[in-house]
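Counting from 1, the numbers follow the sequence of the chain as shown.
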Amino acid sequence: MHMCTCTKGHSVAIVETRTSKERPGQLDVYLEGNTSWKEIEEFIQQKKELGTEFRLSISPIWFPRHISELDRFANKVLECGRELKSDHPGFTDQNYRERRRIFADIAINHKHGQLIPIVEYTDIEINTWGVVFAELNKLYPTHACKEHNAVFPLLVKDCGYSKDHIPQLQTVSDFMKALSGFQLRPVAGLLSPRDFLAGLAFRVFHSTQYIRHHSKPLYTPEPDVCHELLGHVPMLCDPNFAQFSQEIGLASLGAPDEYIQKLSHLYWFTIEFGLCKQDGEVRAYGASLLSSFGELQYCLTSIPKVEPLGPFKAAVKEYPITEYQPFYFLAESFTDAKEKISLFSKTIPRPVLIRYNEISESIEDAPCV
């Protein structure tokens, strides 16, 4: 693999060269790197000025067409996984780091169609879960939306949710799929926004299996099994919310990079930190709120600013990631939110129209007219 440097010092790897089938006597060069197309074009122009012949051809953005193709990127995590940052609560705990490596290996080796392996959680991990579970359950009746509260007793009854037991992902996945069509897939850490959103298009939620460090049970610097099972899963069991989530995923397929960023912002302000109106009151439906004891209380106070959900504004609004949100968007209903996301998705320039076939679990497309 040959490395070269574009403008601004960004590196690009020449992954592969092939004899061009369309242009005899020339090579097709496949690149991979952390730069933009504009910088690549500037780099090529510099080479042309030095007498090197380059021709730039941009192919349509690849995206999975069948649920099994999620295997191609499910283990390409951006951070977390086996390694921890130096400021992570468990960075100096060798036992914790070894547990994280075990969870990462399970996710990395998982393939579509396989059952998610059963994990034997330790007493320390179960106690950590128990603290989070107990504290949040005090708030759900008065702070969580009715969809969350309606399904939570079923998760207790059918999936073993309790203070003394961490449910297994496969058990929860089977339960969730029967209700809404969504299923869980283990992941070692954070995926790129494009890859994570693509999973939603196939009604697949990439879920971590590890748990936060026991020294800070009410804080986690990254998604963990408490966040997934207490925040995301109850909401994804609701068919209307599941359709809303899938709508964001479908909108991402084949979308240009700048629109992936916009969709990830929409995801942040809805699926993660969304508020909704119910029976004349404001309730939380975002998973990051429903899995955070502190912010679930804070979000319904008069401190943060709240305004009606506007997808075009949410798509470009910046947000902090290490503190409580100063701003939330309020949805009238999940149906209303889904319709607004659909309206936004129609503004995304794509060469094809996207349709999901739930029978074959595949994407069908037709040329845009």
Side-chain angles (χ1 to χ4, degrees), residues 143-148 151 172 176 179-185 187 190-208 220 222-253 255 259-278 282-292 295-296 299 306 308-321 324-325 327-345:
H143 290 63
C145 66
K146 60 184 180 182
E147 288 80 4
H148 185 281
V151 78
V172 175
M176 188 167 66
L179 291 181
S180 69
F182 255 81
Q183 59 187 296
L184 299 178
R185 175 176 180 136
V187 69
L190 293 174
L191 295 173
S192 72
R194 182 182 293 280
D195 291 345
F196 179 80
L197 293 176
L200 298 181
F202 292 88
R203 299 178 182 173
V204 171
F205 185 84
H206 287 85
S207 172
T208 55
T220 176
E222 79 268 286
D224 73 334
V225 73
C226 296
H227 173 73
E228 320 288 33
L229 297 186
L230 298 174
H232 282 293
V233 164
M235 297 306 305
L236 287 171
C237 286
D238 179 77
N240 286 332
F241 185 83
Q243 290 177 6
F244 168 46
S245 302
Q246 185 182 21
E247 191 71 33
I248 297 179
L250 289 170
S252 75
L253 299 182
Y259 281 89
I260 293 297
Q261 182 177 13
K262 291 179 180 180
L263 287 169
S264 68
H265 281 223
L266 277 176
Y267 181 90
W268 179 274
F269 284 113
T270 55
I271 308 299
E272 291 291 351
F273 289 95
L275 299 177
C276 63
K277 286 183 182 179
Q278 292 185 338
V282 177
R283 291 289 181 264
Y285 72 86
S288 288
L289 300 177
L290 295 168
S291 59
S292 170
E295 192 159 5
L296 184 54
C299 70
V306 179
L309 176 61
F312 292 92
K313 182 174 182 178
V316 296
K317 188 169 183 61
E318 297 300 324
Y319 51 82
I321 59 175
Y324 291 168
Q325 300 299 300
F327 189 99
Y328 299 99
F329 282 101
L330 179 67
E332 292 291 334
S333 66
F334 297 143
T335 299
D336 174 65
K338 183 167 71 73
E339 291 174 352
K340 289 180 176 177
I341 296 298
S342 296
L343 179 64
F344 177 84
S345 68

**Student:** Taking atom NZ of Lys340 and atom CG of Leu343, what is their separation to the nearest 0.5 Å?
**Tutor:** 10.0 Å

**Student:** Please work out which of the three classes, parallel, tilted or perpendicular, describes the rings of Tyr267 and Phe196, given edges at 30° and 60°.
**Tutor:** perpendicular

**Student:** Pair Phe205, Ser245 - check side chain to side chain contact (heavy atoms under 4.5 Å, CB included), show working.
**Tutor:** CA-CA 10 Å; Phe205 185 84; Ser245 302; over 6 Å; no

**Student:** Rounded to the nearest 0.5 Å, how far does CE of Met176 lie from CG of Leu229?
**Tutor:** 9.5 Å

**Student:** Does the side chain of Lys277 reach to within under 4.5 Å of the side chain of Leu330, using non-hydrogen atoms?
**Tutor:**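 Result yes, sub-4.5 Å side-chain heavy-atom pair found.
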
**Student:** Of the non-hydrogen atoms in Ser180 and Cys237, which two are nearest, and what is the gap between them?
**Tutor:**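 Of all heavy-atom pairs spanning Ser180 and Cys237, the closest is CB-O, 3.7 Å.
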
**Student:** Under 4.5 Å between any side-chain heavy atoms of Phe182 and Val233, yes or no?
**Tutor:**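 No; the side chains remain at least 4.5 Å from each other.
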
**Student:** At their closest point, which heavy atom of Ala242 faces which heavy atom of Leu236, and how far apart are they?
**Tutor:** CB-O, 3.8 Å

**Student:** Do you know the tightest heavy-atom contact between Val316 and Phe312?
**Tutor:** CG2-O, 3.7 Å

**Student:** Could you walk me through whether Leu200 and Ile271 pass side chain to side chain contact (heavy atoms under 4.5 Å, CB included), step by step?
**Tutor:** CA-CA 11 Å; Leu200 298 181; Ile271 308 299; 5.8 Å; no

**Student:** Is the backbone of Ala201 close enough, under 3.5 Å, to the side chain of Gln246 for a donor and an acceptor to pair up by distance?
**Tutor:**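 Yes, because the side chain of Gln246 sits within donor-acceptor range (under 3.5 Å) of the backbone of Ala201.
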
**Student:** Tell me every residue that passes ring pair (Phe, Tyr, Trp, His ring centres under 6.0 Å) with His148, counting only those two or more places apart in sequence or in another chain.
**Tutor:**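 Result, ring pair (Phe, Tyr, Trp, His ring centres under 6.0 Å) vs His148: Tyr140, Phe152.
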
**Student:** Specify whether Phe269 and Phe329 have parallel, tilted or perpendicular ring planes, treating 30° as the upper limit for parallel and 60° as the lower limit for perpendicular.
**Tutor:**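 Answer is perpendicular, since the angle exceeds 60°.
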
**Student:** Just checking, Lys317 and Phe327: is the charged tip under 6.0 Å from the six-membered ring centre and within 45° of the axis?
**Tutor:** yes

**Student:** Looking at CG of Leu230 and CG of Leu290, how far apart are the two atoms once the value is rounded to the nearest 0.5 Å?
**Tutor:**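 Interatomic distance, Leu230 CG to Leu290 CG, rounded to 0.5 Å: 9.0 Å.
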
**Student:** List the residues meeting side-chain hydrogen bond (donor to acceptor under 3.5 Å, both in side chains) with Thr208, not counting sequence neighbours, and say none if there are none.
**Tutor:**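 Glu228.
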
**Student:** Can you tell if the side chain of Met235 reaches within under 4.5 Å of the side chain of Cys145, non-hydrogen atoms only?
**Tutor:**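 They are in contact (side-chain heavy atoms under 4.5 Å apart), so the answer is yes.
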
**Student:** Verify whether one side chain among Ser333 and Asp336 offers a donor that lies under 3.5 Å from an acceptor in the other.
**Tutor:**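 No, Asp336 and Ser333 have no side-chain donor paired with an acceptor closer than 3.5 Å.
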
**Student:** Just by modelled atom types, is the Cys276 backbone N or O under 3.5 Å from a matching donor or acceptor in the Glu332 side chain?
**Tutor:**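 Side chain of Glu332 to backbone of Cys276: no pair is present.
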
**Student:** For the residue pair Phe244 and Phe334, categorise the inter-ring angle as parallel (less than 30°), tilted (30 to 60°) or perpendicular (more than 60°).
**Tutor:** parallel

**Student:** Looking at Gln278, is its backbone amide N or carbonyl O close enough to the side chain of Lys146 to form a donor-acceptor pair, meaning the two atoms are under 3.5 Å apart?
**Tutor:**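 Judged by distance alone, no pair lies under 3.5 Å.
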
**Student:** Which atom pair, heavy atoms only, marks the closest approach of Ser207 to Leu184?
**Tutor:** CB-CD2, 4.1 Å

**Student:** Test side chain to side chain contact (heavy atoms under 4.5 Å, CB included) on Cys299 and Leu275 and set out the steps.
**Tutor:** CA-CA 8 Å; Cys299 70; Leu275 299 177; 3.9 Å; yes

**Student:** Donor-acceptor pair, distance only, cut-off 3.5 Å: does the side chain of Glu295 make one with the backbone of Gln325?
**Tutor:** yes

**Student:** How close do Ala255 and Ala251 get, counting heavy atoms only, and between which atoms?
**Tutor:**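 For Ala255 versus Ala251, the nearest heavy atoms are CB-O, 3.8 Å.
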
**Student:** How far does CG of Leu309 sit from CD1 of Ile341, to the nearest 0.5 angstrom?
**Tutor:** 6.5 Å

**Student:** For a quick test of reading the model, state the closest non-hydrogen atom pair linking Ser252 to Leu197 and the distance between them.
**Tutor:** OG-CB, 3.5 Å

**Student:** Dump the intermediate steps for side chain to side chain contact (heavy atoms under 4.5 Å, CB included) on His227 and Ser288, then the final yes or no.
**Tutor:** CA-CA 7 Å; His227 173 73; Ser288 288; 3.4 Å; yes

**Student:** How long is the straight-line distance from CG of Leu253 back to CZ of Arg194, given to the nearest 0.5 Å?
**Tutor:** 9.0 Å

**Student:** Measuring from atom CD of Glu247 to atom OG of Ser342, what distance do you get when rounded to the nearest 0.5 angstrom?
**Tutor:**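 It comes to 3.5 Å.
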
